Amino acid sequence: MRKYIFIFKTTFLESLQYTLNIILGFVSFFVVLFVFLNLWQYIYADSTNLISGYSMEQMIWYVIITEIIFFGTRNRTLTGQMTSDIKSGTIAYNMNKPYNYIYYIVSRHLGEITLRFFLYLGIGILIGYHFVGGLAGFQAVNLILIVPVFLLGTLINSFLRMCISILSFWMEDAGPYHWIYDKIIIVVGTLFPVEMFPDWAQPLIKFSPIYVVTYGPAKLVIDFSMEMLWRVLLAQGIYLGITIIIITVMYQKGVKKLNVNGG
Amino acid sequence: MKAIQVKNLSKTFKVKVKEKGFRGSMSSIIKPRYKSILAVDNISFEVEQGEILAFIGPNGAGKSTTIKMLTGILYPNNGEVSVMNINPCAKRKQLAYKIGTVFGQKEQLWTHLTPYDNFKFFGAIYDLADTVIEERINELKKTFELEEFINTPVRNLSLGQRIRCEIVASLIHKPEVLFLDEPTIGLDPVVKENIRELIKKMNREYQTTVFLTSHDVGDIEKLCKRIIIVNHGRIVLDDSMEHLKYHYLNKKIVEVKMKETVDFTAEEGITVLKSKGGNLKLAIDTTKKKINDALRLIDADNMIDINISNVPLENIITEIYRENKVLL
């Protein structure tokens with residue numbers, strides 16, 4: 001474990017060199033937030049109205065939190081980098097080190113996103129407070145229970161991304177699958193809560209990764225209940241178990257057919 | 001004790017074949033075709049502990065594929081491999097603690113960090129205690145003369161300094177076997193010499209077994225006592241450097257400057273490599289003609305200057321590559 005903490009720490013230190021790049025990445029974050037702030041303020045002409053059980057404040061905070069999760073944890077290491085490492089055979093140079101490549105990548109990813117996530121979190125909270133004020137009924141003490149849900153969501157998202165990247169052992173390009181996953185998460189998982197979708201689609205979404213990666217954590221912040229917490233944690237536990245099994249099996253099979261270019 | 005044992009090792013790659021044009025692209029989607037490439041073909045050899053071995057061959061000969069099988073990165077199709085009595089495929093992680101690797105064309109250091117931070121990082125991933133890491137860094141810092149730039153970010157180092165740091169990073173856990181894949185590629189002659197000296201020093205002081213691949217004949221000549229040449233995936237020569245240099249081709253090069261032109265073309269055992277006016281470059285095959293017999297053919301009164309040398313190692317190796325191509 002010590003070595004993975006060290007990998008996390010080293011990557012985090014390295015990410016400090018890119019603070020300016022992270023700040024430049026805020027542009028798309030601001031654009032999406034700006035559009036949806038105006039959209040929801042227009043739709044909630046009367047701010048006391050409820051839409052699908054959400055007040056205007058809850059709806060805007062939902063979008064802010066899911067956007068923080070989406071933009072704050074987005075990282076090339078799990079997508080383009082891992083895919084090109086497998087295709088080019090560069091992965092080989094990590095395999096002769098005494099660590100598990102999968103845990104190494106996860107540690108690196110977490111080290112790279114930590115600073116970005118907290119910067120987006122800070123900016124997102126400031127925007128939320130500035131435009132709609134605090135969340136009614138929010139209790140800071142619940143954060144102790146919500147933080148692990150956020151961490152598990154981030155971890156599951158990372159594992160799902162890795163499942164897609166590992167496909168590169170068999171496919172020419174895993175990029176389109178990442179693109180599809182990206183779009184599903186941003187369109188279905190961040191801009192509207194599950195309750196906004198038609199009745200027939202809601203069970204599908206609740207069984208999808210959206211429930212454990214974005215919807216669950218965000219819903220717990222805006223409307224905390226112990227029942228919801230257990231439901232999300234149970235779903236996250238199942239997703240975590242399944243993704244770990246899939247990654248392990250795929251990786252072990254994939255490595256055996258590794259083709260290292262240039263020898 | 002044997003550091004490396006390889007027996008009947010083979011590796012085949014499956015490569016997709018695509019016919020040209022749009023039709024070819026479509027048919028490769030519907031019915032992909034593959035061809036097999038035999039990268040390593042039934043090779044066997046052993047390396048003693050503390051030995052420096054040159055494992056060379058032309059591009060595509062199977063050198064790097066062999067190294068990757070020895071380090072557990074690639075899985076062989078056939079044969080047995082044992083490095084420090086460990087099967088690399090079955091126990092890659094366990095083997096990682098006993099070996100170090102330097103790939104001259106691939107940097108393993110983190111470029112935004114200083115060499116010191118990199119060494120701390122590598123020490124940590126090899127589960128070394130902080131005090132041990134510090135001791136080891138101090139020891140290697142002196143051996144590899146890193147004092148000047150140990151706290152400069154790697155991205156600001158020269159190529160020679162970076163390679164020195166790459167080697168140190170791979171030695172931090174005291175590996176028993178070090179795999180060097182073209183460690184001096186792209187370096188200037190002075191830095192190359194410096195790196196070779198350091199490798200020799202490391203081998204002397206720590207008894208590290210070195211498995212070296214390089215296209216640079218200087219690396220091989222100055223570091224190795226034994227050489228294995230591979231071509232088309234097969235071992236075509238496994239011999240000592242001494243034997244290779246003095247007995248393999250049995251040739252001497254005689255460069256002679258005469259007052260007048262002399263014709264040696266009819267002489268058995270003498271090949272005229274160059275002839276321009278009185279300047280001659282001759283290759284003497286000592287199995288057919290003794291060197292003193294060849295010298296007797298040169299009129300001393302007519303001679304201005306003479307130089308006798310062995311065939312450069314580079315030529316010997318090129319000859320072996322060519323011969324092998326012809327044989328196959």
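Chain naming here is simple, since letters A, B, ... match the order of the sequence lines and numbering starts at 1 in each. Quick caveat: nothing in here was measured; it's all calculated off a predicted structure.
- Interface remark: of the candidates B/Gln94, B/Lys63, B/His112, B/Lys93, B/His112 forms the most heavy-atom pairs closer than 4.5 Å to chain A.
- Atom OH of A/Tyr177 has 12 or fewer heavy atoms from other residues, nucleotides or ligands within 6.0 Å.
- For B/Lys120, the parts sitting under 4.5 Å from any heavy atom of chain A are the backbone and the side chain alike.
- One finds the OG1 atom of A/Thr10 at 8.5 Å from the CG atom of B/Asn118 (value rounded to the nearest 0.5 Å).
- In this structure, chain A has heavy atoms under 4.5 Å from both the backbone and the side chain of B/Phe121.
- No side-chain donor from either of B/Thr71 and A/Asn96 sits under 3.5 Å from a side-chain acceptor of the other.
- Atom OH of B/Tyr97 sits about 12.5 Å away from atom NZ of A/Lys97, to the nearest 0.5 Å.
- The line from CG of B/Asp127 to CZ of A/Arg2 is 7.0 Å long, rounded to the nearest 0.5 Å.
- Atom CZ of A/Phe30 sits in a crowded spot, with more than 12 heavy atoms from other residues, nucleotides or ligands closer than 6.0 Å.
- Neither the backbone nor the side chain of A/Ile5 comes within less than 4.5 Å of any heavy atom of chain B.
- Residue A/Lys253 places its NZ atom among 12 or fewer non-hydrogen atoms of other residues, nucleotides or ligands, all under 6.0 Å distant.
- Here the CG-CE distance, from B/Leu74 to A/Met95, works out to 7.5 Å after rounding to the nearest 0.5 Å.
- Residue B/Ala124 touches chain A through both its backbone and its side chain, counting heavy-atom pairs closer than 4.5 Å.
- Among B/Lys11, B/His173, B/Arg92, the residue making the largest number of heavy-atom pairs under 4.5 Å with chain A is B/Arg92.
- Your options are B/Gly100, B/Ala96, B/Pro88, B/Ala61, and the one with the most heavy-atom pairs under 4.5 Å with chain A is B/Ala96.
- With rounding to the nearest 0.5 Å, the separation of CZ in A/Phe6 from CZ in B/Phe122 is 11.0 Å.
- B/Tyr75 has its side chain within reach of A/Val255: a pair of non-hydrogen atoms, C-beta onward, lies under 4.5 Å apart.
- Within a 6.0 Å radius of NZ in B/Lys141, other residues, nucleotides and ligands contribute more than 12 heavy atoms.
- Taking CG of A/Asn94 as the start and CD of B/Gln108 as the end, the distance is 9.5 Å to the nearest 0.5 Å.
- For B/Leu70, no part lies under 4.5 angstrom from a heavy atom of chain A.
- For CH2 of A/Trp179, the number of neighbouring non-hydrogen atoms (other residues, nucleotides, ligands) closer than 6.0 Å is 12 at most.
- The minimum heavy-atom distance linking B/Ile125 with A/Tyr99 is given by the pair CD1-CE2, 3.6 Å.
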